Amino acid sequence: MSAPILTFFNNKGGVGKTSLIYHLAWMYASMRKRVVIVDVDPQANLTAAFLDEDQIEALWEKKNVGSTIYQCVKPLTGVGDIAEPILQNIATDLYLLPGDVNLSGYEDALSAEWPSSMGDNNLYRPMRILSSFWQVMQKSAEKVQADIVLVDIGPNLGAINRSVLIATDYVVIPLGADLFSLQGLKNLGPTLRSWKSLWKKRLDNWDGNVENSAFPDFKLPQGKMQPIGYLCQQHSVRLDRPVKAYDKWVQRIPAVYRESVLNTKLLEKIKQEDDPYCLATIKHYRSLIPMAQEHRKPIFNLTSADGAIGSHSAAVQDAKKDFRELVKKISEKIGIEL
């Protein structure tokens, strides 16, 4: 059975998504599950969390075929085919397919092939391009016998993200407690449903097209994109933003999540902290974050030698417990045995 593909998506930035994926990847690996991280955000922030600038510069400068997500799909913009991905082995059971700032140039190819994938002629090329991220993720997972593929994408509703979500089995939505996150959630739900149904039409069109029987081994993603819940950032005490303001937005999330993402109604008022669709409230580990970044490791792996002493040491243990719980909850929802 192929590894489930889990994408973290919100069309509003600044909700701690990249840090979240980084920590989940390390936690899965520490629990002996083999993880492939695929960075499909052209800003490549997740790649920068795993690799230092010299390593990233070398990857981008050399432009070796298959060395980044863009170098894997780039041949499709000419007459070539998808390149074999070259994964970076970060640690035991932890692999990365790096992001690439040049990926934004692939948006045009994806946009152009979307209408032509509903044509009557040979659909192989348009469908090959539209499913290219999925093909690369499958190759990456097979290469290392991965248990799960974690995907990061940018905060927008463009053609790159549409193709990634078509490739996705499950979606997690990270949120902040503010008007913009809530508004983003309202746009995101209907967009996911629309992409799902438009992709289904393309699959039906592919199946019904006689010419496509010439490609019996060509597989396509099913476009499941099943939302399994949301994550909320905990309130950080700021003088300019009282707790009341935070609470006002956070308590509206359960109803908006159901209406926009699940297309149902919330029958009785429910607090965000009691909502079964809330996977976790992510704490602010304030001073631990720069410490973890400096030592290029997740918060829960910091030691006294890194400076995590006293109250910091207790926070490290809390983080370990919190992320372990989150991994268990996500795994349960997507059918991974730990």
Side-chain angles (χ1 to χ4, degrees), residues 3-10 12 14-39 45-46 49-50 90-96 146-153 168-177 181 185 188 225-236 250 253-254 257 261-262 270-286 288-289 291-293 297-302 308 312 314-338:
I5 296 170
L6 177 63
T7 299
F8 294 77
F9 182 42
N10 189 340
K12 180 210 177 278
V15 290
K17 174 171 57 68
T18 301
S19 171
L20 171 74
I21 301 169
Y22 177 80
H23 282 85
L24 282 174
W26 276 104
M27 184 52 79
Y28 264 113
S30 77
M31 294 167 86
R32 304 315 307 266
K33 289 292 162 194
R34 191 159 295 170
V35 189
V36 168
I37 305 114
V38 183
D39 188 356
N45 290 329
L46 187 56
F50 284 107
I90 304 295
T92 305
D93 292 327
L94 187 55
Y95 296 86
L96 168 73
D147 295 298
I148 185 169
V149 178
L150 300 179
V151 186
D152 190 17
I153 50 179
T168 295
D169 298 308
Y170 303 101
V171 182
V172 170
I173 303 168
L175 297 167
S181 265
L185 193 56
L188 190 145
M225 34 182 136
Q226 184 186 329
I228 60 164
Y230 63 89
L231 293 141
C232 200
Q233 272 194 321
Q234 193 182 40
H235 175 55
S236 65
V250 88
I253 292 173
Y257 181 82
V261 178
L262 303 179
I270 186 170
K271 285 192 153 187
Q272 178 257 333
E273 53 267 36
D274 301 326
D275 187 358
Y277 292 111
C278 179
L279 300 171
T281 299
I282 304 294
K283 291 189 185 119
H284 280 267
Y285 297 100
R286 292 172 195 80
L288 287 180
I289 296 278
M291 198 185 289
Q293 285 169 341
K297 53 167 74 170
I299 291 165
F300 46 73
N301 283 358
L302 288 169
H312 279 153
V316 165
Q317 292 314 308
D318 284 349
K320 189 171 280 183
K321 191 166 123 296
D322 292 346
F323 277 100
R324 191 174 275 271
E325 280 308 306
L326 180 53
V327 159
K328 282 181 187 169
K329 201 177 262 194
I330 288 173
S331 301
E332 206 174 287
K333 288 187 179 280
I334 66 177
I336 290 182
E337 282 186 35
L338 293 172

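Given the structure is predicted, the values throughout are model-derived calculations rather than measurements. The analysis underlying the following values was restricted to heavy atoms, covering all of them including side chains, and did not include hydrogens, waters or symmetry mates.
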Within a strict 4.5 Å, meaning less than it, do heavy atoms of the Ile173 and Val261 side chains meet? yes

Before giving the answer on side-chain contact (heavy atoms from CB on, under 4.5 Å), spell out for Ile334 and Ile148 the whole-Å C-alpha distance, their side-chain angles and the decisive distance to 0.1 Å. CA-CA 10 Å; Ile334 66 177; Ile148 185 169; 3.7 Å; yes

Is the side chain of Lys17 donor-acceptor paired with the backbone N or O of Ile153 at a distance under 3.5 Å, no angle test? yes

Please find the pair of heavy atoms, one from Phe8 and one from Asp152, that lie closest to each other, and give the distance. O-OD1, 4.4 Å

Go through the steps for Ile330 and Tyr170 under the test side-chain contact (heavy atoms from CB on, under 4.5 Å), then give the verdict. CA-CA 10 Å; Ile330 288 173; Tyr170 303 101; over 6 Å; no

Is there side-chain contact between Pro276 and Ile270, with at least one heavy-atom pair below 4.5 Å? yes

Taking all non-hydrogen atoms of both residues into account, name the closest pair between Val38 and Val149 and its distance. CG2-CG1, 3.8 Å

Evaluate the side-chain proximity of Asp39 to Phe50: yes if any heavy-atom separation is below 4.5 Å, no if none is. no

For the backbone of Leu175 and the side chain of Asn10, can you confirm whether one donor and one acceptor N or O come within less than 3.5 Å of each other? no

Pairwise side-chain contact, Pro298 with Tyr22, heavy-atom cut-off 4.5 Å (strictly under): yes

So, taking the atom named CG in Leu94 and the one named CD1 in Ile37, what distance separates them when rounded to the nearest 0.5 Å? 4.0 Å

Candidate pair Lys283 and Asp322, rule salt bridge (charged side-chain N to carboxylate O under 4.0 Å, His left out), full reasoning: CA-CA 9 Å; Lys283 291 189 185 119; Asp322 292 346; 2.8 Å; yes

Which residues satisfy the ring-ring contact (aromatic ring centres under 6.0 Å, His included) test with Phe300, sequence neighbours excluded? His23, Phe323

Look up atom CG in Leu279 and atom CD in Glu325, then write down how far apart they are to the nearest 0.5 Å. 12.5 Å

Which residues pass the side-chain hydrogen bond (donor to acceptor under 3.5 Å, both in side chains) test with Lys271, sequence neighbours left out? none

Sidechain-backbone polar pair: Asp147 side chain, Arg34 backbone, donor-acceptor under 3.5 Å: yes

Ala3 versus Ala146, closest heavy-atom pair with distance: CB-O, 3.4 Å

Working for side-chain contact (heavy atoms from CB on, under 4.5 Å), residues Thr281 and Gln272: CA-CA 9 Å; Thr281 299; Gln272 178 257 333; 3.4 Å; yes

Step by step, would you call Glu332 with Lys329 a salt bridge (charged side-chain N to carboxylate O under 4.0 Å, His left out)? CA-CA 5 Å; Glu332 206 174 287; Lys329 201 177 262 194; over 6 Å; no

Side-chain (Lys297) to main-chain (Met291) donor-acceptor, under 3.5 angstrom: no

I want to check something: taking the side chain as every heavy atom from C-beta on, are Val327 and Leu24 in contact at a cut-off of under 4.5 Å? yes

Minimum heavy-atom separation for Tyr257 to Pro227, with atom names? OH-CB, 3.6 Å

For Leu6 and Val172, the nearest pair of non-hydrogen atoms, with its separation, is CD1-CG2, 3.7 Å

Under the side-chain hydrogen bond (donor to acceptor under 3.5 Å, both in side chains) test, residues paired with Asp275 that sit two or more places apart: Tyr230, Arg258

Are Ile282 and Leu326 close enough, and set up right, to give a side-chain contact (heavy atoms from CB on, under 4.5 Å), and what steps lead you there? CA-CA 10 Å; Ile282 304 294; Leu326 180 53; 4.1 Å; yes

So which heavy atom on Ile5 is nearest to which on Thr168, and how close? O-CG2, 3.7 Å

